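These numbers come from a predicted model, not from an experiment. In what follows, chains carry the letters A, B, and so on, assigned in the order in which the sequence lines appear, proteins first and then strands, with residues in each chain numbered from 1.
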Number of protein chains: 2
Amino acid sequence: MDLDDPTGCVTFLVRHAWLSMRSALADALDEHGLSVQQYGVLVLVSKVPGRTVAEVGREVGTARQSANELISGMERAGLLERRPNPNDRRTQQVHLTPDGEQRLIDVGPAVRKVEEDLEASFSDADRAAARAWLHHMVENAG
Amino acid sequence: MDLDDPTGCVTFLVRHAWLSMRSALADALDEHGLSVQQYGVLVLVSKVPGRTVAEVGREVGTARQSANELISGMERAGLLERRPNPNDRRTQQVHLTPDGEQRLIDVGPAVRKVEEDLEASFSDADRAAARAWLHHMVENAG
DNA sequence: ATAGGATTGACAGGTTCCTGACAATCGAGG
DNA sequence: CCTCGATTGTCAGGAACCTGTCAATCCTAT
């Protein structure tokens, strides 16, 4: 990727960072047969099992319908399963299958290595500062 | 937008920041009838007139074909024009029309206000640090 | 209890973006 | 000169994502 950002617009710099990091992450993930979006859902459902489709969509930053299609695909791939929600007949609880859990464990080191390598030259303070800046953008925009 | 990022993965935090900032930018832009991608191309071509389609695609972080479609649409909208390149008969030089230049001038303040408001609570040093971090991600990934 | 509003998962249809090809053209090396 | 590899703009087809909509369900207030 080229992406030198001559626009002088921070928003596009953030976009370029996202594209580059996604590309690096994708390289590590598709050795394990996972897409970046699938990995995102896997991590999310792993941290908070029982999430509904709509919740997954919101927290992963995509439309409800896109989350639906994504989850359906992962269900077909045997990574996820939907269970009926006893407290709400509209929704379904999304859970990891044993295969999904195993896959998440398998890719963990590779993912962590990618991000660690990318940030290797930064101090803990710098990393925290960058996260704070990014988090602030998330909170105050949209 | 929700986007609280419980994944603990910086890459997704960057994605969330991009989505949020893009949404804020889009709100400001569509009052002037521009999309975020169109604005990006406008700024890029303004800074370096005569860019080819392929170059625009690379620098804006999209496929050659997507840049082609984007530029075609903006040409139809009277914002851009393609001129033959005397030194290379394969390529065409993309230039702003007077309308395109005017539109860019018109939206400038709104765009700058959005980004300034987002970063208002950060010092110059913090802003520079965030840009350095982002730039490093762009350089070392992809 | 029940009416009204909001939310859910899913379907249909459309937009955006991408990959894979193609001929035309350029540039370097015989 | 001429060939060969690389690059350009563009077309065709598909993948990913979104909006709009619907019935079903939940929640709140009267």
Pair R64(A) + E69(A): basic N to acidic O under 4.0 Å: no
Any donor-acceptor pair under 3.5 Å from E81(B) side chain to V94(B) backbone: no
Residues in contact with DNA chain C, drawn from residues 63-76 of chain B - heavy-atom cutoff 4.0 Å: A63(B), R64(B), Q65(B), S66(B), E69(B)
Close N/O contacts between protein and nucleotides 5-7 of chain C (under 3.5 Å):
residue: dT7(C); atom: O2; partner: R90(A); partner atom: NH1; Å: 2.6

Sidechain-backbone polar pair: R58(B) side chain, A63(B) backbone, donor-acceptor under 3.5 Å: no
Lys/Arg-Asp/Glu bridge criterion (N-O < 4.0 Å) met for D99(B), R103(B): no
Exam field: side chain Q38(B) to backbone S35(B), donor-acceptor pair closer than 3.5 Å: yes
Stretch residues 33-42 of chain B: residues that reach within less than 4.0 Å of DNA chain C through a heavy atom: Q37(B)
Any donor-acceptor pair under 3.5 Å from R127(B) side chain to F122(B) backbone: yes
Backbone of T62(B) reached by a side-chain donor or acceptor of S66(B) within 3.5 Å: no
H32(B) ring center near Y39(B) ring center (under 6.0 Å): no
Sub-4.5 Å side-chain heavy-atom contact between L134(B) and W133(A): yes
Residues within residues 81-89 of chain B bordering DNA chain C, heavy-atom distance below 4.0 Å: D88(B), R89(B)
Helical bend (five base pairs per end, nearest 10°) for the helix from dA1(C)-dT30(D) to dG30(C)-dC1(D): 30°
Along DNA chain D, first and last positions that approach a heavy atom of chain A under 4.0 Å: dA16(D) to dC26(D)
Atom pair CG/CD of L29(B) and Q37(B) - distance to nearest 0.5 Å: 10.0 Å
Which atom of V111(B) lies closest to which atom of C9(A), heavy atoms considered: CG1-SG, 4.3 Å
R82(B) and V53(B), any side-chain heavy atoms less than 4.5 Å apart: yes
Donor-acceptor pair between E101(B) and S46(B) side chains, under 3.5 angstrom: no
Under-4.0 Å side-chain N/O to phosphate OP1/OP2 contact, T52(A) with dG9(C): yes
Heavy-atom donor-acceptor pair, E115(B) side chain to V10(A) backbone, under 3.5 Å: yes
Between T52(A) and Q93(A): side-chain donor-acceptor atoms closer than 3.5 Å: no
Note: E55(B)-R51(B) ion pair, threshold 4.0 Å (strictly below): yes
Polar side-chain atom of H16(B) near backbone of E59(A) as donor-acceptor pair, under 3.5 Å: yes
